[in-house]
Amino acid sequence: AIGDQPVLARTAVVAAVAAQRNISCFNANDGTIEVTANGGSAPYTFSDNNGGQYLPPTSTNTRLFTGVAANRPYKIRAKDNCGCESKPIQ
């Protein structure tokens with residue numbers, strides 16, 4: 001019967017820095033940040049400006065942000081297929 005089916009709880013979307021490369025010198029913008037996501041419902045999209053614009057993954061569950069500068073604050077988030085967002089990584 002329909003009432004006998006278990007209810008599956010969704011897990012929260014979690015974003016984490018997998019790798020990063022620092023800028024090469026003062027005022028450069030050649031750093032990178034690689035972020036992975038899990039939990040929630042794949043596929044994921046990623047934002048480096050606190051959810052202002054989401055970009056597709058560069059590989060499965062991962063986004064590589066390039067052109068990273070030291071003088072800009074980054075608040076990286078991941079969003080799952082259902083629209084649930086991770087807490088920001090700063």
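Positions are given from 1, in the same order as the sequence printed here. As a basis for the values below, the full set of heavy atoms in this structure was taken, side chains included, without hydrogen atoms, waters or symmetry mates.
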Return the minimal non-hydrogen interatomic distance between [X] and [Y], and the atom names on each side.
X: A69; Y: I23; result: CA-CG2, 4.2 Å
X: D48; Y: F65; result: CB-CE2, 3.6 Å
X: V35; Y: A15; result: CG1-CB, 4.0 Å
X: E85; Y: V13; result: C-CB, 4.3 Å

How long is the gap from [atom1] on [X] to [atom2] on [Y], to the nearest 0.5 Å?
X: T32; Y: Q20; atom1: OG1; atom2: CD; result: 8.0 Å
X: N61; Y: D80; atom1: CG; atom2: CG; result: 11.0 Å
X: F46; Y: L64; atom1: CZ; atom2: CG; result: 11.0 Å
X: S86; Y: K79; atom1: OG; atom2: NZ; result: 11.0 Å

Would a single hydrophobic cluster contain both [Y] and [X], if residues Ile, Leu, Val, Met, Phe, Trp and Tyr are joined by side-chain heavy-atom contacts under 4.5 Å?
X: Y44; Y: V17; answer: yes
X: I76; Y: L55; answer: yes
X: Y54; Y: V68; answer: no

Inset, instruction - Report yes if the side chains of P56 and R63 come closer than 4.5 Å at any heavy-atom pair, otherwise no. - result: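 With C-beta onward as the side chain, the pair touches.
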Legend entry - Sidechain-backbone polar pair: T62 side chain, T36 backbone, donor-acceptor under 3.5 Å: no
Inset, instruction - Show your reasoning for whether side chain to side chain contact (heavy atoms under 4.5 Å, CB included) applies to R77 and N50. - result: CA-CA 6 Å; R77 290 180 177 265; N50 202 27; 2.7 Å; yes
Legend entry - From CA spacing to verdict: side chain to side chain contact (heavy atoms under 4.5 Å, CB included), D30, R21: CA-CA 8 Å; D30 59 354; R21 186 183 78 213; 4.2 Å; yes
